[in-house]
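Inspection log for the structure reproduced underneath, given as structure tokens.
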Amino acid sequence: MRPFPDAVFEPRTLRLAGNAALELGPRARLMGIVNVTPDSFSDGGLHAETDVAIAAALAMAEAGADMLDIGGESTRPGAEPVSALEEQRRIMPVIEALGSRQNLLISVDTWRAETARLALAAGAHLVNDVWGLQRDPDIARVAADHGAAVAIMHTGRDRKVLADPIEDQLQWFSTSLAIARQAGIGDDQILLDPGFGFAKDPELNLALMVRFEELHALGLPLLAGTSRKRFVGTLTGREAGDRDVGTAATSVVLRLAGAAMFRVHNVAFNKDGVAVADAMVQRSRQREAGHG
């Protein structure tokens, strides 16, 4: 018997901006990463030009990405911050081009309310905030005004954290969820991301993987973002650009622990990995139901 509610694999609808929706639960979902930056940790500069970023996003969609996450500011440790105008200069042409295609779902990776507003007006469906709605006080309201979903991430940066990693996650998300709900964001518009790699050393990241199922106590779908992270390199001995196989392994483990969506650089590798995990989950549930 699984140590978490079997309901995490039941169908549930994630409501998005633009009257769009995405079914979560029975099948793992993939969010393709498109960093329109010169300095992201594994692909900095690869998609810095608008046309290249658009082409990369479309290739990810063709490879099986369910959503495309467009970001214009590197979040790697030590990265130079950029202004809101520079962030918008980088990502808005990409989002505008992709937003004109009705078959694509788009996430904007930003903590800034004004960038989120512009992106949602241009066709984005979800706001992915690495500060968990806690840095810019207006971002939750902007998401709510557009009917957008939010991915709320946990971070340990610039604050004291609790000794127990799950207790710290629960404390952080309690604050973020209060902000979201007060703004009018529904629970069916929320993903929670435990923030692998954000002020977490390799041992802490591994502990989060081992105890991941405890986060189901929050009753909301979970987004996993382990892709090419430093702890994957520590485990495999690989440099950032060579960590896709290790990433896919973490995706399999976390899918079996009930993660609903995976934010990844290499869509094809992770699609294959979670397809195996999905088949295992389906077979296990059939067996438990007495069907073989």
Side-chain angles (χ1 to χ4, degrees), residues 16-18 30-131 136 139 148 151 153 197-198 223 225-230 232-233 238-244 247 261-271:
L16 305 165
L30 298 175
M31 177 186 283
I33 301 169
V34 183
N35 290 316
V36 194
T37 61
D39 57 348
S40 291
F41 76 94
S42 79
D43 59 356
L46 292 181
H47 308 136
E49 299 298 324
T50 298
D51 291 347
V52 176
I54 294 169
L58 295 175
M60 288 181 185
E62 182 67 22
D66 299 286
M67 185 175 291
L68 302 166
D69 190 45
I70 316 300
E73 182 175 33
S74 175
T75 56
R76 66 175 174 81
E80 288 293 322
V82 302
S83 68
L85 288 177
E86 176 61 18
E87 177 188 44
Q88 293 155 19
R89 184 195 68 78
R90 293 174 179 179
I91 68 171
M92 287 310 300
V94 179
I95 293 175
E96 288 166 359
L98 297 174
S100 64
R101 296 171 179 259
Q102 295 186 358
N103 61 329
L104 296 178
L105 295 178
I106 303 164
S107 163
V108 57
D109 181 357
T110 186
W111 57 268
R112 294 181 175 91
E114 179 60 13
T115 301
R117 185 188 69 78
L118 292 171
L120 292 168
H125 302 89
L126 179 147
V127 177
N128 180 15
D129 185 355
V130 299
W131 288 95
D136 187 328
I139 196 165
M153 200 193 79
F198 280 74
L223 168 67
T226 61
S227 190
R228 299 180 181 173
K229 293 291 175 70
R230 187 176 303 174
V232 177
R238 302 282 186 178
E239 294 300 319
D242 294 322
R243 295 173 186 164
D244 291 330
T247 296
M261 182 176 279
F262 301 83
R263 183 177 180 272
V264 299
H265 296 87
N266 189 314
V267 173
F269 276 29
N270 286 275
K271 181 181 179 182

For the student: nearest non-hydrogen atoms of [X] and [Y], plus distance:
X	Y	answer
T37	G71	CG2-O, 4.0 Å
D244	F269	CB-CD2, 3.6 Å
G32	V267	CA-CG2, 4.2 Å
N128	S107	CB-OG, 3.4 Å
A53	V36	CB-CG2, 4.0 Å

Could you walk me through whether K229 and F198 pass the side chain to side chain contact (heavy atoms under 4.5 Å, CB included) test, one step at a time?
CA-CA 10 Å; K229 293 291 175 70; F198 280 74; 3.9 Å; yes
Which pairs of donor and acceptor atoms, one on a side chain in residues 56-67, lie under 3.5 Å apart (sequence neighbours left out)?
| unit_1 | atom_1 | unit_2 | atom_2 | d |
| --- | --- | --- | --- | --- |
| D66 | OD1 | R29 | NH1 | 2.9 |
| D66 | OD2 | L30 | N | 2.8 |

Just how far is it from atom [atom1] of [X] to atom [atom2] of [Y], taken to the nearest 0.5 Å?
X	Y	atom1	atom2	answer
E96	I70	CD	CD1	12.5 Å
I91	D69	CD1	CG	9.5 Å
N270	T247	CG	OG1	6.5 Å
L126	M261	CG	CE	7.5 Å
L85	R112	CG	CZ	9.5 Å
Q88	I95	CD	CD1	10.0 Å

Non-neighbouring partners of D129 that pass salt bridge (charged side-chain N to carboxylate O under 4.0 Å, His left out), sequence neighbours left out
none
Is a side-chain donor or acceptor of [X] paired with a backbone partner of [Y] at a separation under 3.5 angstrom?
X	Y	result
T110	A116	no
E73	V82	yes
R263	M31	no

Going by heavy atoms in the side chains, are H265 and R243 under 4.5 Å from each other?
no
Any side-chain heavy atom of R90 sitting closer than 4.5 Å to one from P38?
yes
